[in-house]
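The next block holds one structure in the form of structure tokens; read it before the comments.
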Amino acid sequence: MTENCSSEQTARAQEIARNLDAVRARIEQAARVSGRSADAVTLVAVTKTMPASDVNAALVHGVRVFGENRVQELLGKLPDIRLGEGQCAHLIGHLQTNKVRQVIDKVAMIQSVDSVHLAEEIDKQAAKRGLRMDVLIEVNIGGEEAKSGVPPQDLPALLEAAAGFPHLRVCGLMAVPPLCADKEAVRPYFRAMRKLFIDIAPKKSDNVSMHILSMGMSGDFDIAIEEGSTMVRVGTAIFGRR
């Protein structure tokens, strides 16, 4: 039984390694189209519902950042995840203010800040632990009622407020555009995000330094990179369907 389990884990690790190689090839090609190096794009392996053994397999094969959507799932996995030097976790899903204290010292970045209230709570909890938390502002670029994220027109006000929180560091923007049957149909949303990013980037303060544009997932990350993404969040293409 132990041998079978070990054999299955080895086969699974090899599958994840092959998938990662394929994803990196897509990243390299898309970066080339955009006139950039693949090194300019950070790959976040999205590990929602995946066991710690899968996360560890990805980390062994060179993944530097893994992303979790839910606080409780992240906390449940972390004791079994073997993070090496330079490897870390990001929270990429919607974060309730009452759970900020649970995750504040467990992740290197929170990618889903979408309100002044949440930014204020992150600042408060980070201050208690003597931290300065890197965050991204999530933008609801498609104006979808069911999705979190700040409307584009409210982004400047949120950034201005976030700049006043000394224990935050706003590093850029994140978006989850509408799901489109035709991959090319998502391109205008990525372009709109890139425009927002470019327009806001020069407006720096002590706590706002725009250098990350997190957009693109398994089905469309190559298009996102072509349109300027610097960080892609990929789950299915690495681990298979959930």
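What you are looking at is a predicted structure, and each value in this text was computed from that prediction instead of being measured. Each residue takes its place number in the sequence, starting with 1.
Residues K124 and E120 are not paired through a salt bridge, judged by the lack of any N-O separation under 4.0 Å between the basic side chain and the carboxylate. At a threshold of 4.0 Å, the pair R187-E227 counts as salt-bridged, since one of the basic side-chain nitrogens sits closer than that to a carboxylate oxygen.
Side-chain contact of R129 with Q125: a donor-acceptor pair under 3.5 Å is present, judged by distance alone. Under the 3.5 Å distance criterion, with hydrogens and angles disregarded, no donor-acceptor pair is assigned to the side chains of Q9 and S53.
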Test salt bridge (Lys or Arg N to Asp or Glu O under 4.0 Å) applied to R32 and E28, step by step: CA-CA 6 Å; R32 190 179 303 118; E28 186 173 354; 3.5 Å; yes
Criterion side-chain contact (heavy atoms from CB on, under 4.5 Å) on F66 and L74, from CA distance to verdict: CA-CA 10 Å; F66 76 95; L74 172 67; 4.0 Å; yes
side-chain contact (heavy atoms from CB on, under 4.5 Å) between I223 and K183, worked out: CA-CA 8 Å; I223 294 176; K183 274 204 330 182; 3.8 Å; yes
Verdict with reasoning, E68 to I92, per side-chain contact (heavy atoms from CB on, under 4.5 Å): CA-CA 6 Å; E68 279 290 343; I92 61 175; 5.9 Å; no
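Between P152 and I141, the closest heavy-atom pair is CG-CD1, 4.1 Å.
Residues N19 and F239 form no side-chain contact, since every pair of their non-hydrogen atoms from C-beta on lies 4.5 Å or further apart.
Paired with V234 under the rule side-chain contact (heavy atoms from CB on, under 4.5 Å), one option of I27, L20, V23, V46 passes, and it is V23. Paired with N98 under the rule side-chain contact (heavy atoms from CB on, under 4.5 Å), one option of Q96, R101, Q102 passes, and it is Q96.
Note that CG of D154 is 11.0 Å distant from CG of L159, once rounded to the nearest 0.5 Å. S112 contributes atom OG, which lies 9.5 Å from atom CD1 of I137 (distance to the nearest 0.5 angstrom).
Sorted by first and then second residue, the side-chain hydrogen bond (donor to acceptor under 3.5 Å, both in side chains) pairs involving residues 155-180 (not counting sequence neighbours) are D134-R169.
In this structure, R233 is not positioned above the aromatic face of F221 in the sense of NZ or CZ being under 6.0 Å from the six-membered ring centre and within 45° of the axis.
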